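Note sheet for the following structure.
For reference, positions follow the sequence shown, starting with 1. Because the structure is predicted, anything quoted here is derived from the model rather than measured.
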Amino acid sequence: MKRALVLFYFLVFYAITQLLWWGYLLVNYEPERKGMIIGEGLFFLLIFIWGAMRLKKLFSREHKQQQQQQNFLLSVTHELKSPLASVKLYIQTILKRDLEREQQKVFLSNSLKDIERLDDLVENVLLTTKLENRSFNFPKENFNFTEVVDNVVDRLQKNACSSQIIKPDLDKGLIIHADKFAITNVVTNLIENAIKYSPPCATVEVQLKEREDERIVFSVADHGPGVAEEEKKNIFNKFYRIGNESTRKTKGTGLGLYIVKTVLQKHNASIKVKDNTPSGSIFEVTFENYAN
């Protein structure tokens, strides 16, 4: 990147220098046309500088996208490797040791959780690929939204305060018309994000409410570090993650919130990020007219 920028600036400097030199020669060669030569030369110089600045901006954007994709590959590699290694260790332990049945159940249960984590990652990648296709339409159906949220909460709930405590507050029997797979993915991503960024044993509050104006509001509140105001407009961009991949402690691929935002836009729904009290964030999703 640095070499390319040095070469770019050198070529711009050389081109401007040559332009000024040839302008000087033309003025000396035809002094009676001095005004026209200077005017046209300045106009051309302004266009050239504008084009060079636009080119640099596009070049920087391309480099940023490449860096984000590299970070994505690094994070995906880590996200795949960790649960696979865990599952392998559990299975090897079961095979090599004469464990009690209860201990085997614990190991198998932990293995299942790691497999579900892999399944969520694959679903995110597949859904992202579908979203890139502009002609793709979600197959919508009526389903029990309360049941979907309750199932996701139950699957992600940690026992014995090993991580976070999910506290659901759900209105019963709320039905929406939407793509069940995509909306389940939205719910999973938002709750998993809250879990990842919450301190141990902190409460993650999940609410699903029907408003008087015939809107359904789904919200997830955590007590983590929160999202800085200047980052709120970027967190829904594809591959975007706060911080540097080499120093970041939280796991993730940078696809989750991008999927959330894009899926909701295609379901006549919106999402906004608010600050929680005393710390943390609240992600609030609003379905207009039951997502019809």
Side-chain angles (χ1 to χ4, degrees), residues 75-76 78-80 82-87 90 105-128 143-172 174 176 178-209 216-227 235 241 248-261 263-264 271 273 276 279-285:
S75 60
V76 165
H78 177 74
E79 289 287 306
L80 288 172
S82 296
L84 285 175
S86 177
V87 170
Y90 282 130
K105 284 184 178 181
V106 171
F107 281 11
L108 291 173
S109 176
N110 290 336
S111 298
L112 183 60
K113 289 180 181 179
D114 285 324
I115 292 172
E116 288 174 345
R117 179 178 157 194
L118 283 173
D119 188 45
D120 288 341
L121 176 61
V122 173
E123 285 182 358
N124 277 347
V125 175
L126 290 176
L127 189 53
T128 302
F143 63 90
N144 191 321
F145 193 21
T146 304
E147 195 174 275
V148 167
V149 176
D150 193 43
N151 289 339
V152 174
V153 168
D154 184 63
R155 179 166 64 87
L156 298 179
Q157 184 74 267
K158 304 295 182 180
N159 297 321
C161 192
S162 58
S163 182
Q164 286 79 22
I165 301 172
I166 305 176
K167 184 180 178 182
D169 181 12
L170 316 176
D171 283 356
K172 295 182 179 181
L174 295 183
I176 65 170
D179 183 330
K180 187 175 182 179
F181 169 78
I183 296 300
T184 302
N185 192 285
V186 167
V187 173
T188 301
N189 276 317
L190 289 177
I191 296 178
E192 279 190 336
N193 267 4
I195 292 173
K196 282 190 294 186
Y197 289 99
S198 293
C201 295
T203 300
V204 173
E205 297 163 356
V206 177
Q207 289 190 345
L208 181 63
K209 297 293 180 181
I216 291 179
V217 178
F218 169 71
S219 65
V220 180
D222 64 68
H223 295 280
V227 181
I235 57 175
R241 298 190 69 206
R248 192 182 293 113
K249 295 181 180 180
T250 55
K251 301 173 183 177
T253 61
L255 290 179
L257 289 180
Y258 163 77
I259 291 172
V260 168
K261 179 78 170 181
V263 167
L264 292 176
I271 183 170
V273 187
N276 201 2
S279 65
S281 301
I282 302 174
F283 285 80
E284 185 177 277
V285 177

- Please name the residue in the list Leu170, Ile282, Asp169, Val217 that meets the side chain to side chain contact (heavy atoms under 4.5 Å, CB included) test with Gln207. Asp169
- Considering all heavy atoms, the nearest Pro199-Gly224 contact: CD-CA, 4.1 Å
- Heavy-atom closest contact (Gly226 atom, Ser281 atom, distance): CA-OG, 3.3 Å
- Closest approach of Leu156 and Ile191, non-hydrogen atoms and distance? CD1-CG2, 3.6 Å
- Query: Would you find a donor on one side and an acceptor on the other, under 3.5 Å apart, between the side chain of Asn276 and the backbone of Asp222?
  - Reply: yes
- Message: As an exercise, state the distance from CD1 of Ile235 to CG of Asn193, rounded to the nearest 0.5 Å.
- Response: 8.5 Å
- Gap separating the CZ atom of Arg155 from the CD atom of Glu192, nearest 0.5 angstrom: 6.5 Å
- For Ala178 and Phe143, the nearest pair of non-hydrogen atoms, with its separation, is O-CE2, 3.5 Å
- Task: Test side chain to side chain contact (heavy atoms under 4.5 Å, CB included) on Ile166 and Ile195 and set out the steps.
- Result: CA-CA 8 Å; Ile166 305 176; Ile195 292 173; 3.8 Å; yes
- Under 3.5 Å, is there a donor-acceptor pair between the side chain of Thr188 and the main chain of Thr184? yes
- Message: A quick test of your reading: do over 12 heavy atoms of other residues, nucleotides or ligands sit less than 6.0 Å from NZ of Lys167?
- Response: no
- What are the two closest heavy atoms between Val87 and Ser111, and how far apart are they? CG2-O, 3.8 Å
- Item | From Asn144 atom CG to Lys180 atom NZ, the distance as rounded to the nearest 0.5 Å | 8.5 Å
- Task: Kindly determine whether Tyr90 and Asp114 satisfy side chain to side chain contact (heavy atoms under 4.5 Å, CB included), including the steps that lead there.
- Result: CA-CA 11 Å; Tyr90 282 130; Asp114 285 324; 4.0 Å; yes
- Message: Less than 3.5 Å apart, any donor N or O on the side chain of Asn185 or Asn189 sitting next to an acceptor on the other?
- Response: yes
- Query: Given Val285 and Ile271, is the side chain to side chain contact (heavy atoms under 4.5 Å, CB included) satisfied, shown in steps?
  - Reply: CA-CA 4 Å; Val285 177; Ile271 183 170; 3.9 Å; yes
- Message: What I'd like to find out is whether the side chain of Asp171 reaches to under 4.5 Å of the side chain of Leu208, using heavy atoms alone.
- Response: no
- Message: Let's go through Tyr197 and Val227 carefully: what are the C-alpha distance in whole Å and the side-chain angles of both, what is the deciding distance for side chain to side chain contact (heavy atoms under 4.5 Å, CB included) to 0.1 Å, and is it a yes or a no?
- Response: CA-CA 10 Å; Tyr197 289 99; Val227 181; over 6 Å; no
